[in-house]
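Single-structure report; data block below.
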Amino acid sequence: MTTAYQTHRGENTLHSTSQQVAYMGGTFAIISTVAYLIGVPERIFVNDSEPPKIEVFRKHEFDKNARCIRNLCILRTAIKRKFMPILNLMKSEHKSWSAAVAAVYSQGSIPVEQAISRLSDDGIVLKSNLKLNQCVIEINRLIADKINNCKYLFPSWLNWNYMKEVFIMPNGYTEAGVKQAAEVYYEHFQCYPYQFYINWNPADEGNILYTDKKFVELLYRWNHDEFTDISKVADISGRAKDAIYDFIERSQNTVFVVDCENSDPYKLFAAFRGLDKEYRDKISKVILYDDVNTISTWQALENFVDVPVEYILVERIKANKSMIDMKLALGVSKEFYQGHADSFILASSDSDYWGLISSLDDANFLVMIEHEKTSAVTKQVLQDNKIFYCYLDRFYTGDTNDMKATMLLTAAQNYMNARVSLNVNAMMTHAFMQTRIEMSDTEKKRFYNEYIKAIELKIDAQENVTLQFKKRF
């Protein structure tokens, strides 16, 4: 493989016309799921030159909800493609729709018999005496009824109302609607993804299942909307990752240093997760330099990365003056001279660190910056001095929801804990004193189990929260 990165100062350059790697590579999780659900053949997934990924296909094969939609879509497309030959066979040989479809597709271009069999195994049996248009209508009903069961197959940030409409035929419960959809399908047959039916306004867009980015941008455009969070549907380029891997591979001891004041924790988490574990394991530790005024998320980052994390909270001498840049510079110098680290991945968009980089002549640096936060001058200085940098906000962020959800719930829990604090025993002692009711220990225990343990949280129309007893006399 051609080396993308050289470690010696003065040679650490990416072999391209520019140091700044702004290009992004495609991701394929969403389009692979769409391809599976609409019925795209397995051979497409197996083919390395095609975008849909076989690992997604295999995962969905174990999911009943995904299988049902896939096999219903296979039947719908099969009938649409060969509607007249199937209809003629039904009339001339008095075959049921299923027998006629199976006969027309006996050569196996679409596995209709397998689809019918698998639907039956999953509890879906289409009546054999249906007319052909009625069969399509019934398939449309089933798809519309069951498509919401597949919502969890897609990321939560994707607009589900847009996504589910791709599978639902407009006016598909009527013969007129089925006929109109067929006419559009026949007229624009080559425009449909792998010639499988979806609900869209067909146009010559190339392969709309080429990458997640292309498909999601089109999906939002079809709905008169715009999708702009590109990091959720694309990843930093393969060449940029190769450069990072080469940097780590050639280093004896790599330390990942983060200026928390000038970095985004979620983008950093995405970047770290985006690196292959083989290379993450070669990073000796992550050091977080945090200011007292930044968000609390940084303190929990160690729960989401799989290398040792040092969290250093930097106090301020003056309220308006951060000391992070000085502490970080001293810390990196200490790691270099005493900790035997020879290479540093520095995450910061602050230009102040050029003094640190230029002072440690024998150390290797790779800088991760954010596109909008870094000045053109800073990038030019790094480029002129052949310090490789990449954009922290170009890494794929589509799978960071687990971290965001955890942090939101933690913050909400802390908020509740600070405002709601009561002891049940003290509460009941107060209640007995107020009411002057006497109960035996057995009665108290029964009352506690039946009523007190059934406290629930209520949210009113104004979104105010109260605690109430779920069960009352």
For the backbone of [Y] and the side chain of [X], can you confirm whether one donor and one acceptor N or O come within less than 3.5 Å of each other?
{"X": "Asp342", "Y": "Asn364", "result": "no"}
{"X": "Ser333", "Y": "Ala329", "result": "yes"}
{"X": "Asn262", "Y": "Ser349", "result": "no"}
{"X": "Ser263", "Y": "Ala347", "result": "yes"}
{"X": "Asn71", "Y": "Leu119", "result": "no"}
{"X": "Asp212", "Y": "Ile30", "result": "yes"}
{"X": "Tyr186", "Y": "Lys80", "result": "yes"}

* Asked: Relative to Phe269, does Arg273 satisfy both conditions: NZ or CZ under 6.0 angstrom from the six-membered ring centre, and within 45 degrees of the ring's axis?
  ->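 Checked: cation-pi criterion not met.
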
* Asked: Does Arg76 make a cation-pi contact with Phe196, if we ask for NZ or CZ under 6.0 Å from the ring centre and within 45° of the axis?
  ->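 No, Arg76 does not lie over the aromatic ring of Phe196.
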
Ignoring hydrogens and angles, state whether a donor on the side chain of [X] or [Y] is under 3.5 Å from an acceptor on the partner side chain.
{"X": "Asn161", "Y": "Glu165", "answer": "no"}
{"X": "Tyr36", "Y": "Glu61", "answer": "yes"}
{"X": "Tyr266", "Y": "Thr297", "answer": "yes"}
{"X": "Tyr220", "Y": "Asn159", "answer": "no"}

* Could you tell me whether the side chain of Met169 reaches within less than 4.5 Å of the side chain of Asn199, counting heavy atoms only? =>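 Answer no - side chains too far apart.
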
* Does a side-chain heavy-atom distance below 4.5 Å link Leu37 with Cys73? ->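 Contact flag for Leu37/Cys73 side chains = no.
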
* To do: Report the C-alpha separation of Val34 and Met163 in whole Å, then their side-chain angles, then the decisive distance to 0.1 Å, and conclude whether the side chain to side chain contact (heavy atoms under 4.5 Å, CB included) test is met.
  => CA-CA 9 Å; Val34 173; Met163 188 68 254; 3.7 Å; yes

* From Pro193, Pro202, Cys191, residue fulfilling side chain to side chain contact (heavy atoms under 4.5 Å, CB included) relative to Ile208 ->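 Testing Ile208 for a side chain to side chain contact (heavy atoms under 4.5 Å, CB included) against Pro193, Pro202, Cys191 leaves exactly one candidate, Pro193.
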
* Matching residue for Pro51 among Leu209, Ile44, Thr27, Asn207 - test: side chain to side chain contact (heavy atoms under 4.5 Å, CB included) ->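 Answer after filtering Leu209, Ile44, Thr27, Asn207: Asn207.
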
* Asked: Is Asp235 salt-bridged to Lys241, going by a charged N under 4.0 Å from an acidic O?
  ->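 Salt bridge between Asp235 and Lys241, a charged N being under 4.0 Å from a carboxylate O: yes.
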
* Side-chain ion pair, Arg221 and Glu217, N-O less than 4.0 Å ->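 A salt bridge is absent here (no side-chain N lies under 4.0 Å from a carboxylate O).
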
Got a sec: does the [atom1] of [X] have more than 12 other heavy atoms crowding it under 6.0 Å?
{"X": "Lys146", "atom1": "NZ", "result": "no"}
{"X": "Tyr279", "atom1": "OH", "result": "yes"}
{"X": "Lys327", "atom1": "NZ", "result": "no"}

* Search all heavy atoms of Leu158 against all heavy atoms of Phe154 and return the closest pair with its distance. =>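 Heavy atoms only, the tightest pair is CD2-CD2, 3.9 Å.
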
* Measure across Ile324 and Tyr289 and return the closest heavy-atom pair with its distance rounded to 0.1 Å. =>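 Nearest pair, atom of Ile324 first, then Tyr289: CD1-O, 3.4 Å.
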
* Among Phe62, Phe28, Phe45, which one satisfies ring-ring contact (aromatic ring centres under 6.0 Å, His included) with Phe57? ->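 Filter result, single survivor: Phe45.
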
* Ring centroid separation for Phe272 and Phe256, is it under 6.0 angstrom? ->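 Distance test on ring centres: under 6.0 Å, yes.
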
